[in-house]
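The structure appears below as structure tokens.
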Amino acid sequence: MDLLPTSEQDEIVESVRSVLADRHTIGEPVSDALWNTAVEQGWFALSANEADGGVGYSIVEEALLFAEIGAACAPGPFLATALAANIAPALVIGDGRRVALAEPEGDGVRLFDAPGADAALLLDGAKGSIYDLDAFGELTEQRSLDELVPLSVGARPIAAPLATGDVASRARVLIASSLAGIARATTEQSVSYGKDREQFGQPIGGFQAVKHRCADMSVRADAALNQSRFAALAVRDGRSDAAFHAGAAHLVAINAALANTHWNIQNHGGIGFTWEHTAHRFLTRARVWSQLAGGLRGAEAATLEATAPE
């Protein structure tokens, strides 16, 4: 199984990276310009069939897309919108509709990115169900760890969903890809700072304490990236162990992103702890994304369930 992107996939990555560099600044909310460009370029239609208005690619290309979204630390309801477009293309593709993400919490649900959304995708076990946003009743805003990812609480919907599909493995792969992108970006940020920042007349990257941390960060980022790519291929090909690899990718990527964002701040010293620097943006985004699809417990449960005997 070849994990390296093809030349066509490299072009997709470069296109996405260029759009994000041109239309997004870390620390800023998702702009209409970025969202509209994403819709025009088919970011949410990558894996939908051409007959349904999609691009006709697969989850493999989606995983590459989400790795770039993670690396750019771009906020916005990209995940739920892409998942919803896979379940019901006619409801999402082409009209710029934004779909919030909802997950069960006690007797109700918690919603991510609800402001400005037209609908919400409720992830519950293996199923993803699309509802109009008003199906969750009056939403109560809660403080979010990441100010750019609004958090709300609502009631469990009692109406029938607009559409339902099995998206558990796809969701875990895309979350893993985003977290792998964060792990990669923070590694690059630390390495760049280690080359530029000098103490005692030499770059701090030459000191073992920094050099070894950066090496460990690179190993973690590569492991997360490669596992998420492998999982994407397994899901695309319908392998019998696809659910296991999706759960494993989710687990590896959570650990990589949380560790790398922590050490990235440490590597930057005093400036890494300031509000003006972007290091904390990656940390809070990794914390929020690591809660999705059940978080660490969900990732562990998914891998164990996938390996359980029949």
Side-chain angles (χ1 to χ4, degrees), residues 16 19-20 22-48 52-55 59 61-62 65-66 68-70 72-103 105 109-124 127-142 144-155 157 159 161-165 167 170-171 174-175 177-178 181 285 288-289 291-293:
V16 171
V19 168
L20 289 167
D22 182 55
R23 299 188 179 276
H24 173 64
T25 300
I26 295 178
E28 297 294 327
V30 61
S31 65
D32 290 339
L34 172 57
W35 190 265
N36 292 336
T37 301
V39 173
E40 291 167 4
Q41 294 197 356
W43 289 14
F44 307 113
L46 277 180
S47 64
D52 296 322
V55 180
I59 187 175
E61 287 74 23
E62 275 189 318
L65 163 68
F66 275 85
E68 294 307 313
I69 291 174
C73 206
F78 290 100
L79 174 65
T81 304
L83 293 173
N86 184 265
I87 295 173
L91 289 176
V92 179
I93 294 176
D95 63 359
R97 173 175 290 203
R98 303 188 188 198
V99 182
L101 182 68
E103 293 194 331
E105 185 176 72
V109 297
R110 60 176 178 171
L111 297 97
F112 300 87
D113 295 304
D118 307 289
L121 175 74
L122 176 60
L123 283 180
D124 192 357
K127 298 295 182 183
S129 302
I130 305 172
Y131 295 89
D132 286 327
L133 198 62
D134 58 13
F136 299 91
E138 185 175 352
L139 302 182
T140 303
E141 292 186 13
Q142 287 193 337
S144 175
L145 181 63
D146 186 338
E147 63 175 2
L148 297 179
V149 183
L151 180 62
S152 308
V153 175
L162 302 175
T164 301
V167 294
R170 180 177 294 270
L174 298 185
I175 292 167
S177 299
S178 296
R285 190 63 47 77
V288 169
W289 275 79
Q291 297 175 26
L292 305 181

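Note that the structure is predicted; figures quoted are calculated from it, not measured.
The closest donor-acceptor contact from the side chain of W35 to the backbone of G96 lies under 3.5 Å. Formation of a donor-acceptor pair under 3.5 Å by the S144 side chain with backbone atoms of L151 is not found in this model. Judged purely by atom type and a 3.5 angstrom limit, E68 has no side-chain atom pairing as donor or acceptor with the backbone of G181. A donor-acceptor pair is defined here as one N or O able to donate and one able to accept, closer than 3.5 Å; no such pair exists between the side chain of R110 and the backbone of E105. Judged by distance alone, with hydrogens and angles left aside, the side-chain atoms of D95 form a donor-acceptor pair with the main-chain N or O of R97 at under 3.5 Å.
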Scan the side chains in residues 74-85 for donor-acceptor partners under 3.5 Å anywhere in the protein, sequence neighbours excluded, and list what turns up.
{"unit_1": "T81", "atom_1": "OG1", "unit_2": "P77", "atom_2": "O", "d": "2.6"}
{"unit_1": "T81", "atom_1": "OG1", "unit_2": "V99", "atom_2": "N", "d": "3.1"}

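With sequence neighbours left out, the salt bridge (Lys or Arg N to Asp or Glu O under 4.0 Å) criterion links E61 to no other residue. Residues satisfying the side chain to side chain donor-acceptor pair (under 3.5 Å) criterion with T25, sequence neighbours excluded, are absent altogether.
For the residue pair A114 and A100, the shortest heavy atom distance occurs at CA-CB, 3.8 Å. Residue A72 comes nearest to I26 through the heavy atom pair O-CG1, 3.4 Å, listed as atom of the first residue, atom of the second, then distance. Taking both residues in full, the closest heavy atoms of I93 and G53 are given as CG2-O, 3.6 Å, listed atom of the first, atom of the second, then distance. Between K127 and V167, the closest heavy-atom pair is C-CG2, 4.3 Å. The minimum heavy-atom distance between L34 and R23, with the atom names listed, is CB-O, 3.9 Å. The two atoms that bring L148 and P29 nearest to each other are CD2-N, 3.9 Å, heavy atoms only.
Here the CD1 atom belonging to I69 is positioned 10.0 Å from the NE2 atom belonging to H24, to the nearest 0.5 angstrom. Note that CD of Q41 is 11.5 Å distant from CG of N36, once rounded to the nearest 0.5 Å. Atom CG of N86 is separated from atom CG of L121 by 10.5 Å, given to the nearest 0.5 angstrom. Atom-to-atom distance recorded for R170:CZ and I59:CD1 is 4.5 Å, nearest 0.5 angstrom. Rounding to the nearest 0.5 Å gives a distance of 11.0 Å between CG of D146 and CH2 of W289. Atoms CD1 and OG, on I87 and S129 in that order, are 7.0 Å from each other to the nearest 0.5 Å.
In this structure, the side chains of Q291 and E103 stay at 4.5 Å or more apart for every pair of heavy atoms.
If you run side chain to side chain contact (heavy atoms under 4.5 Å, CB included) between L101 and each of L111, L292, D113, only L292 comes through.
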List the steps and the verdict of side-chain contact (heavy atoms from CB on, under 4.5 Å) for V30 and R98. CA-CA 12 Å; V30 61; R98 303 188 188 198; 3.9 Å; yes

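The environment of E141 atom CD is sparse: at most 12 non-hydrogen atoms of other residues, nucleotides or ligands sit within 6.0 angstrom.
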